[in-house]
Protein chains: 2
Amino acid sequence: MVKQLGTKKVSIMDVAKEAGVSITTVSRVVNRSGVVSKKTQENVLQVIEKLRYKPDISARLLASKQVGKILGIVSPYFEGIFGSYYFSEIMRGINSVSMKEELDTLFHLSGHFTSMELSNRLVFNPSFVQGVLLIDLDGDESKVKNLKEENLSFVVINHYLENLSVHCIGIDNRSAAINAVNYLIEIGHRRIAAITGNLSTQAGIGRLEGYKKSLIDHGFDVRDDYIVGNSFHPDDARKSMEALLNLPQHPTAVFVASDEMAQEAMDVIFERGLKVPDDISMIGFDDEPLAAKARIPLTTLQQPLFDMGKMAAELILDIIQKPDKTEETKILLPTQLIKRESCKSIG
Amino acid sequence: MVKQLGTKKVSIMDVAKEAGVSITTVSRVVNRSGVVSKKTQENVLQVIEKLRYKPDISARLLASKQVGKILGIVSPYFEGIFGSYYFSEIMRGINSVSMKEELDTLFHLSGHFTSMELSNRLVFNPSFVQGVLLIDLDGDESKVKNLKEENLSFVVINHYLENLSVHCIGIDNRSAAINAVNYLIEIGHRRIAAITGNLSTQAGIGRLEGYKKSLIDHGFDVRDDYIVGNSFHPDDARKSMEALLNLPQHPTAVFVASDEMAQEAMDVIFERGLKVPDDISMIGFDDEPLAAKARIPLTTLQQPLFDMGKMAAELILDIIQKPDKTEETKILLPTQLIKRESCKSIG
DNA sequence: CTGAAAGCGCTTACAG
DNA sequence: CTGAAAGCGCTTACAG
């Protein structure tokens, strides 16, 4: 917090004096509450205009014990978060309800929040914000435990908390990956690799787990050299794909943890003079717009990002409405395999 | 605003009583201000922990006459704003400074704000927000006049206010368009059309003006039937391009007000069995990532969106620092013509 | 229809 | 090192 502007602030008292009425009356006309005679009202309104009076919101909230019409949104920051399909879609979902409810949104972008932040950041202050939406915990569930102890409504987005009694809504990454790899096996692939995402995120972990699970269920070996990467950065996908291609025997199919990375990996394949899907089949994750428009339209997993944001926002509004509700709502959203041209049956 | 949660709030008084000290002391340890004996401090800290005390921010701001560490951001809402290159880049620029300064951002997305909103919306409240960034006025400069009269720092982004003494930072759309059309003329085009953007925005107007200016400067006629569209929606670009193609003599070059629209227009051209750039040359605006990656890499105007956001954020911080500063900062950012493969010389 | 007064939960000189 | 008290700018019973 920082000192206010030097300009002398005009308060309700100034207006009352100038208008020759009590502050109660001024308050009444400002809030259009109670009864005020037409005459007084007009007079006060004029004075307000003349003095450019603006009620102090802090005082207002404090005196009325109300909460701002604000929804807090907390997300770890990552390079490219703005413009990413992931974040944009979730925001679009959240916004579809916050606009309808006339809620503004207060953003706090930062990887981690300490308990000190908890009490100091406005985003986390229950007298400020109706509730907060926590996007993508970044693997650190302990923060949520701290928040639980605060008098603050919140729901976690894109991270399903199995063992914590917390409102959350996530995506079934594991099943999605199983689906993808099952499909690859179905169409004859045996040498299937995985380029994984950040393994400190639930998405990264779940997608890798599903990959392994499908392989094991079909009686295939899980090869260490076929599991590469630990980040959602396209640059890393490039390195991962190169590593895969440098193997004595490269895979015939690759399951990649994001479309963006899959795109980059495909570029690497082309650069080596190989072809998708003829030499290597590819499956991405996200169903970004560019996945369909790519040189080789990408087979991928579609996840309901918009719905997730929307449902989360609806959920928090619901929670606020019913402060006595004790059971937690936990939602796990399904994905859908979108088959396009980047996969080919072999054998 | 909405009533607070039912849970009984614990106040500084509760902590003071439980700890057997005055509220002054509690305040001191909460704020790490003044001197407190190690012993007392530890004791108070424990009670705070035990009672889960969280200072009320409103009371705090009110009593201390401070302002929240928040930057307000106001933008007209449009379908697809999240995920748009335009908005994302500006946000990325703003965020690059707000994160460094540890400022959170309060968003208000709405086409218009009335003077009532001015006094009620938290985004506009000087005791809440350090200042506000107004993105893209949507053509309505009168709002800015109202804001001017408030005791609130703000800077306007992507709208250059010629005649108002207001901090603003815009893009030189007119020069950009002149540049583009000059180039088309240089490489031999004479039948040059324009698909315009929303003509109630400065970008839409400026780009059209520049187009006309270049034509006139070269002694060419400005043909009404070669000026189509009045929106930034790709769907409308489709209709516009169709209209152009239905003309007895279609243009040999089209200057389009955005890359996204240019993309759509190119699709229409292809569908008609024509080719870019062989039959028709195209120039877009924005230099979106997809412009370079399109089937036919698009010649376009690059505008410094990121810089605009960044500079605006830096500017407002500067203004807040120096409340006595009277001169307005007005910045008009240049664009750059990026030549790619969608234009071909003729004649 | 109007106003005096208490109170919201803090901070901050000031005094000790 | 600690506390009593005034004050921040409002709202809201309550009384008239």
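Computed from a predicted structure; not experimentally measured.
- By the 6.0 Å contact criterion, NZ on A:Lys330 is enclosed, its count of non-hydrogen atoms from other residues, nucleotides or ligands being greater than 12.
- Using a 4.5 Å heavy-atom threshold, the side chains of B:Met91 and B:Ile73 count as touching.
- Taking atom CD of residue B:Gln66 and atom P of nucleotide C:dT11, one finds them 9 Å apart after rounding to whole Å.
- Residues B:Lys69 and B:Glu101 come closest through the heavy atom pair NZ-O, 3.4 Å.
- In terms of heavy atoms, A:Ile319 sits closest to A:Phe154 at CD1-O, 4.4 Å.
- The side chain of B:Thr25 places no N or O atom within less than 4.0 Å of a non-bridging phosphate oxygen (OP1 or OP2) of D:dT2.
- For B:Lys17 and D:dG3, the NZ to P distance is 15 Å, given to the nearest whole Å.
- A:Ser33 comes within 4.0 angstrom of no nucleic acid atom, judged by non-hydrogen atoms across all strands.
- Residues passing the ring pair (Phe, Tyr, Trp, His ring centres under 6.0 Å) test with B:Phe107 are A:Phe107, sequence neighbours excluded.
- Here the shortest heavy-atom pairing between A:Ser75 and A:Ile81 reads OG-CD1, 3.7 Å.
- Taking both residues in full, the closest heavy atoms of A:Val166 and A:Glu328 are given as N-CG, 3.2 Å, listed atom of the first, atom of the second, then distance.
- Shortest non-hydrogen contact noted between A:Gly131 and A:Ile320 is N-CD1, 4.3 Å.
- As judged by a 4.0 angstrom heavy-atom cut-off over every strand, A:Val36 is placed among residues touching the sugar-phosphate backbone only.
- In DNA chain C, consecutive stretches of 3 or more Watson-Crick or G-U wobble pairs with both distances under 3.5 Å are given as paired ranges: C:1-3 with D:14-16, C:5-12 with D:5-12, C:14-16 with D:1-3.
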Subject >> Nucleic acid footprint by protein, nucleotides 4-10 of chain C - heavy-atom cut-off 4.0 Å, B for base, S for sugar-phosphate alone >> reply: BB-BBBB
